[in-house]
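Reviewing the structure listed below.
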Amino acid sequence: MAVADVYDALAHARPYRRQLDTGEVLGIMRPDAGKKLSGPAMEALEWGLTQQPERFVAESG
């Protein structure tokens, strides 16, 4: 759950900062993989972002 929460927080714009792109988000998160963040969950996130990126884009409607 922490990996998803951190990804969501970084990948979306906030009132105090711009939206970060995928490379920036992963660059921030990778150092914590296997430490503060689950290593297997990080691997799954990275796989999803590279193999099925359309699943990470919110549908408008």
Side-chain angles (χ1 to χ4, degrees):
M1 212 48 133
V3 169
D5 185 49
V6 172
Y7 174 80
D8 184 67
L10 294 171
H12 294 90
R14 297 291 187 242
Y16 51 87
R17 65 155 180 80
R18 67 178 175 78
Q19 175 180 341
L20 302 178
D21 67 37
T22 300
E24 291 173 306
V25 171
L26 292 176
I28 292 169
M29 294 178 71
R30 279 185 187 124
D32 290 330
K35 298 172 186 148
K36 294 178 183 178
L37 299 172
S38 165
M42 277 296 300
E43 289 176 19
L45 174 67
E46 291 198 52
W47 181 88
L49 289 169
T50 59
Q51 301 301 314
Q52 298 183 357
E54 67 280 358
R55 291 181 170 235
F56 290 83
V57 177
E59 294 182 25
S60 59

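Residue indices begin at 1 and follow the sequence shown. Keep in mind the model is a prediction, meaning the values are calculated, not measured. Note: hydrogens, waters and symmetry copies are ignored here, and every other heavy atom, side chains too, is used.
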Rounded to the nearest 0.5 Å, what separation is found between the OG1 atom of T22 and the OH atom of Y7?
->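 Those atoms lie 4.5 Å apart.
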Starting at CD1 of I28, measure out to CG of L10 and round the result to the nearest 0.5 Å.
->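 It is 5.0 Å, given to the nearest 0.5 Å.
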Contacts of type side chain to side chain donor-acceptor pair (under 3.5 Å), residue Q51, not counting sequence neighbours |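 If we apply the side chain to side chain donor-acceptor pair (under 3.5 Å) test to Q51, skipping adjacent residues, there are no hits.
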Taking only residues two or more places apart in sequence, or in another chain, which ones meet R17 in a side chain to side chain donor-acceptor pair (under 3.5 Å)?
->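 With neighbours one apart ignored, the set is empty.
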List the atom pairs, with distances to 0.1 Å, where a side-chain N or O of residues 31-44 and a protein N or O form a donor-acceptor pair under 3.5 Å, not counting sequence neighbours.
{"residue": "K35", "atom": "NZ", "partner": "P31", "partner atom": "O", "Å": "3.4"}
{"residue": "S38", "atom": "OG", "partner": "A41", "partner atom": "N", "Å": "3.2"}

Test salt bridge (charged side-chain N to carboxylate O under 4.0 Å, His left out) applied to R14 - qualifying residues, sequence neighbours left out =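 Listed in chain order: nothing, the list is empty.
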Determine which pairs satisfy salt bridge (Lys or Arg N to Asp or Glu O under 4.0 Å) with at least one residue from residues 19-31, sequence neighbours left out, and list them in order.
->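 The answer is R18-E24, R30-E46.
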Applying salt bridge (Lys or Arg N to Asp or Glu O under 4.0 Å), which residue pairs with at least one partner in residues 2-11 are found, sequence neighbours left out?
->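 Listed by first then second residue: nothing to list.
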